[in-house]
Amino acid sequence: MEYHHDSDMNEVGVLYKNMCIESKHNGLCTEEKGSKDSADSNKLTRIKNAYSTMLSELGEDVDREGLLLTPLRAAKAMHFFTKGYKESIADILNDAIFDENHNEMVIVKDIDLFSLCEHHMVPFFGKAHIAYLPNKKVVGLSKLARIVEIYSRRLQVQERLTKQIASAISEALEPAGVAVVIEAAHMCMVMRGVQKMNASTVTSVMLGAFNDDPQIRKEFLALTMKK
Amino acid sequence: MEHSKQTQYSSAEKKDTGDSSSVLNGHFDGKPPGAESGAHRPAASVMESWREERTRSVEDNEMSLPSLAEAYTTILRGLGEDPQRQGLLKTPWRAATAMQFFTKGYQEKIIDVLNDAIFDEDHDEMVIVKDIDMFSMCEHHLVPIFGRVHIGYLPNKRVLGLSKLARIVEIYSRRLQVQERLTKQIAVAITEALQPTGVGVVIEATHMCMVMRGVQKMNSKTVTSTMLGVFREDPKTRDEFLTLIRS
């Protein structure tokens, strides 16, 4: 059950590498990595000025007390919401992969997730459930949550986010299978537009054994999607 | 009863004389104008009452859209993203339109929404509209706030169309807000429109600025309330209101 999935893993590896290049295009500009603090604060100033313009264009009184420091706070907040661009999987994972002779499903569920819709720059948030079938290597459990953080703290599309998390785990651990399910509420749908308060979006990616074996998938779904 | 009505409306009267102790969405704390500190606002600033002027029109929206979109493009670049990639091509426009929607309360006036729907009814028992979904924007971080509003009032010969209570919530919440001020504005708007015996407004909301960043407490909720008139004076009335909104 575990070994004939190697070819699938290779495909996923290639897919992941393509996604890495895409993610460079996605915003990890090479200049960003080598940027000095002054360049960073330059950028912050530009974002801050953009927010000041925004406030006056929206019809607010920019000089009133509550709004005086808002451009700076909003710029820093936005910086925090997109901190995933500066983080890399290698940094957080390198130490925490261990050799264990365990080949049963490992699930970490109900990981709170906050991201920004790349179409409206409005938050979407929900929970991620991750499972993998180890193949001699297990990973520190919090690292799964950290992988979620890296990819979610960006301008995202929920489908891509799910796939990136699954691919990152695949590449790092080469497990027999990985499954990621994300259920989230999109404020762009709740606060504006169609305004459906209770709608939630569920996306899932099943790789390896989770894709091939319906029993394994069923077990995973039964353990995570209990209501 | 009479006394409580008078205390309620003295602050309203002061506002009507145009002393502009409060500006658009600025501090409303019901203090007499002289006591307001730092009230050096331009003469064109707005009175905080239900007869206030709009600061924005639909035409203004169209005219400011390009510069809002440009501001968003700058933000995208500043964050290290590539505004030319497929997913982000139209994002500045979408985000600008979305932000205008989130602040559409500036375009609306209470008087437009209310004028037709005040009726004379001989009803003097409590009227409650609860669980009104509310979405606002934190004025400090420009991040959403969402929650529920519960409104109760004791009519004094005049009742209001029920959906108008929800529309009042919409007008004040679709702005850059502070939850305390939002609660008070809703209560004051109802008071000025109906002159009821009492008004109570309770808002419980989640602040994304606290959940998504900063202290990052997922389950925290902020509850604010404003009680005016008999809701403030009479503990039994207040208790009845609070019990009914919990059930």
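Atom set for the values below is all heavy atoms of this structure, side chains included, hydrogens, waters and symmetry mates excluded. Computed from a predicted model, the values in this text were never measured in an experiment. In what follows, chains are A, B, ... by sequence order, proteins preceding strands, each numbered from 1.
The contact between B:Asp133 and chain A is made entirely by side chain atoms (from C-beta outward), counting heavy-atom distances below 4.5 Å. Contact of A:Val157 with chain B is not made at all, since no heavy-atom distance falls under 4.5 Å. Contact of B:Arg94 with chain A is made through backbone and side chain together, with heavy-atom distances under 4.5 Å. Only the side chain of B:Met208 comes within contact range of chain A, with at least one heavy atom under 4.5 Å from a heavy atom of that chain. Heavy atoms closer than 4.5 Å to chain A are found in the side chain of B:Gln216, but not in its backbone. Of the atoms belonging to B:Met137, it is side-chain heavy atoms, and not backbone ones, that fall under 4.5 Å from chain A. Interface remark: B:Ser173 contributes no atoms to any contact with chain A (heavy atom separation under 4.5 Å). Of the atoms belonging to A:Leu55, it is side-chain heavy atoms, and not backbone ones, that fall under 4.5 Å from chain B. Only the side chain of B:Leu76 comes within contact range of chain A, with at least one heavy atom under 4.5 Å from a heavy atom of that chain.
In terms of non-hydrogen atom pairs under 4.5 Å with chain B, the most contact-rich of A:Gly66, A:Ala77, A:Ala75 is A:Gly66. Between chain B and the options A:Lys76, A:Lys83, A:Met187, A:Met78, heavy-atom pairs under 4.5 Å are most frequent for A:Met78. Interface check for chain B: of the options A:Leu67, A:Leu69, A:Leu68, A:Leu72, the most heavy-atom pairs under 4.5 Å are formed by A:Leu67.
Applying the side-chain contact (heavy atoms from CB on, under 4.5 Å) criterion to B:Ile128, with sequence neighbours excluded, gives B:Met126, B:Lys130, B:Phe241, B:Leu244, B:Ile245.
Within 6.0 Å of CG in B:Asp131 there are more than 12 heavy atoms belonging to other residues, nucleotides or ligands. Other residues, nucleotides and ligands contribute at most 12 non-hydrogen atoms within 6.0 Å of the CZ atom of A:Arg146. For CD of B:Glu70, the number of neighbouring non-hydrogen atoms (other residues, nucleotides, ligands) closer than 6.0 Å is 12 at most.
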Let me check something: any side-chain donor-acceptor pairs from residues 46-53 of chain A under 3.5 Å, sequence neighbours excluded? List them with distances.
{"from": "A:Asn49", "atom 1": "ND2", "to": "A:Thr45", "atom 2": "O", "distance (Å)": "3.4"}
{"from": "A:Ser52", "atom 1": "OG", "to": "A:Lys48", "atom 2": "O", "distance (Å)": "3.4"}
{"from": "A:Thr53", "atom 1": "OG1", "to": "A:Asn49", "atom 2": "O", "distance (Å)": "2.9"}

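Within the structure, side chain to side chain donor-acceptor pair (under 3.5 Å) pairs that include any residue of residues 140-152 of chain B comprise B:His141-B:Arg213 (at least two apart or interchain).
Within the 3.5 Å criterion, the main-chain N or O of B:Val58 finds no donor-acceptor partner in the side chain of B:Asn61. The main-chain N or O of B:Thr224 is never found under 3.5 Å from a side-chain atom of B:Glu204 such that the two would form a donor-acceptor pair. Checking side-chain atoms of A:His129 against main-chain N and O of A:Asp110 turns up a donor-acceptor pair under 3.5 Å. Within the 3.5 Å criterion, the main-chain N or O of A:Arg160 finds no donor-acceptor partner in the side chain of A:Tyr151. Of the possible donor and acceptor atoms, one in the side chain of B:Gln179 sits under 3.5 Å from a partner among the backbone N and O of B:Ile203. Checked by atom type and distance alone, the side chain of A:Glu183 never pairs as donor or acceptor with a backbone atom of A:Gly126 at under 3.5 Å.
Against chain B, the residues from residues 196-204 of chain A that qualify, each with a non-hydrogen atom under 4.5 angstrom away, are A:Met197 in number order.
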